[in-house]
Amino acid sequence: MTGTGRLERLNGMLRRRGFLLPAFEIHGGAKGLYDFGPVGGRMRSRMNQRWLDHWLRLGNVVEVSCPTVTPYAVLEASGHVGEFSDFMTECTTCGEASRADTLLEEHHPNPDSLKRDELQSLLKVVNPPCHACNDPKWSDISAQNLMFNTTIGAGDSGRAGFLRPETAQGMFTSFNALHRHFRERLPFGAMQVGKGYRNEIAPRQGMIRLREFNMAELEYFIDPEAKLNDDLSPWDDRPMQLLAEGKEPSMMKLSDACKDGLIRHATVGRFIGLTYDFLVDVGIDPSRLRFRQHEKNEMAHYAMDCWDAEIEGSYGWVECVGIAHRGCYDLQSHEDATGKTLRARREFDEPRTTVIDAWTINGATAGPAFKALAGQVKTAVESLPKATNFPCQLTLPGGEVVEVSEEHVKPNQQTIKETGEWYIPHVIEPAFGIDRIIWHVIDHAYHEIEKNDEAYTLMRLQPSIAPVDYAVFPLFEKDGMDELAWKLHQQLCQTSGLVSMYDGSGSIGRRYARADEIGVPVCITIDHQSLEDSTVTVRDRDTGEQQRVPIDSL
RNA sequence: GCGGAUAUGGUGAAGUGGUUAUCAUCUGAGGUUUCCAACCUUAUGUCGUGGGUUCGACUCCCGCUAUCCGCACCA
């Protein structure tokens, strides 16, 4: 941060030039909602594309797209309904708002687990003092859900739902389709870029905390027992700033951090490396990038290990990527909630044979004898040792005592051969906050310099994400230079993936300045000589150097 | 959600209980100009929003919305 007011000037420029604008402004605007304007919109889609390309290079990752509108049951199963709701209560004396469960921490082993009614009545009974004014007078509690509620369908047939708080759940719920697509072979990944929604209590700091935001997530499914080919040596030449839990920050090689057990899983380590490469590739200054491991107590409800990529900018160090080892939590949760299986199979090296030589029930006699309890009796009998003598008494899980005699049982002798087993895959998830990354890319690219004793601003954006590739200028809009420039501009626009901008107004210096301000890497100028020999000058944004080249070589 | 500050052309600012609200810059048109924000002419464009006080409110008061800074909350 150089100089006071840089942030204000930067924000002013972003607005003026159409990078970022407060959304719906003529209606008064809305907190936490932003437009990407005519310049920023292009940059955002380039960033998204760049991100997809980056992960597609792994070769076993596919792109999907899931709805943002999500049924209640999905997010209930994932734990979001519970985790993303807080029950708030307000002190009627001083107006201080508090979380009801926090107030009751000393009066209940786990107030967070209580249902709304239970929490309400416990609050009434305990009546804890307000930590601001000490008065124990509380309003009724109200649910503060950080997800946007909606109703899917109209009227009585409407189902409760939410706008998704993350893109991940759709990829978990379609696990079986992904699994089939990859011929049932792990590891594989599914990813998507899309919108996520969180009804933040207090959106702040421009692009840093939004209510509707662009996210890009990869869910990488692995067999927790399989050997994975996660070679971290490619990153040995670029140590990274790592803040491991409970350790001092230090520059480390990923391979060492993994060897020392700071990074608890090699795939997490590899994704840290790939994330580093992506961020630096789109223009993040590597010296202002670090990876921080979550403390145990700040870890989200699903995570086993989590590393954030934090980027330093005008708002300090900000979390922009989370790389979480989610274990089997998500697939397990959806299995539990739906009764469907979300599993992969691994074959054993050698088939495993289990020899059973014990007892089971004789259905024909035990059925009529024990009726409804027969199932429980069967389980109990099958766990008895071979040496058991009948009749004998068994206590069932429900407390009933039954007497099992010889006629109810028969020997159970079989050999079971298993060639493999079904298991719930583990998930490693890199989750990117695209808006936050775009913000920091802009923040790092924005330079205020002096040029001929005048303040001058330029954006040193990477060409791969610059909103415009070429600016085409006629030196003067006359003598046919304007027609030639317009023709070249049209030609460039025909090329897939290229964006060109024509600018013919103002002095040539002014036009260079305008292009520099939005980070156009290359300006092409048509002058008198161009009319004669079909050459143009190509000017580099960062050095200002010009080269004369034939039009055809562009 | 609480407390404080703020809200005037696209951007940045000045100003007033009274008739036509000021300046710079940007933007458009025309002219001029042989490569880094030059110059001349000219044009377009503003008092966040709703209510109140008043003969009259951009100005004073209140609510709302938004922005910035703390606190709280949160991934």
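The sequence lines fix the lettering, A, B, ..., with proteins before strands; numbering per chain opens at 1.
In terms of position along RNA chain B, the nucleotide closest to A:Arg15 lies nearer the 5' end than the nucleotide closest to the other residue of the pair A:Arg15 and A:His528.
Phosphate contact (OP1/OP2 of B:rC36, side-chain N/O of A:Ser507, threshold under 4.0 Å): absent. Contact check, A:Arg541 against B:rC36: no side-chain N or O comes under 4.0 Å of OP1 or OP2.
A:Arg510 has no carboxylate O lying under 4.0 Å from a charged side-chain N of A:Asp503, or vice versa, which leaves the two without a salt bridge. Salt bridge annotation for A:Glu166-A:Arg326: present, with a cationic side-chain nitrogen under 4.0 angstrom from a carboxylate oxygen.
At the heavy-atom level, A:Gln546 lies under 4.0 Å from base atoms of the strands shown. Within the nucleic acid shown, A:Arg209 comes within 4.0 Å of at least one base atom, counting heavy atoms only. A:Phe476 comes within 4.0 angstrom of a nucleotide base, judged by non-hydrogen atoms across all strands. Using a 4.0 Å heavy-atom distance criterion, A:Gly29 is classed as a sugar-phosphate-only contact. Among the protein residues, A:Gly196 comes within range of no part of the nucleic acid, since none of its heavy atoms lies under 4.0 Å from any strand.
Residue pairs meeting the side chain to side chain donor-acceptor pair (under 3.5 Å) criterion with at least one member in residues 269-281 of chain A, sequence neighbours excluded: A:Arg50-A:Asp281, A:Asp230-A:Arg270, A:Trp235-A:Asp277, A:Arg238-A:Asp277.
For the salt bridge (Lys or Arg N to Asp or Glu O under 4.0 Å) with A:Glu448, the qualifying choice from A:Arg6, A:Arg9, A:Arg460 is A:Arg9, the only one to do so.
The base of B:rC36 sits within donor-acceptor range of the side chain of A:Arg539, with an N or O pair under 3.5 Å. Remark: the A:His294 side chain and the B:rA75 base include a donor-acceptor N/O pair separated by less than 3.5 Å.
B:rG1 and B:rC71 make up a base pair, with Watson-Crick or G-U wobble contacts both under 3.5 Å.
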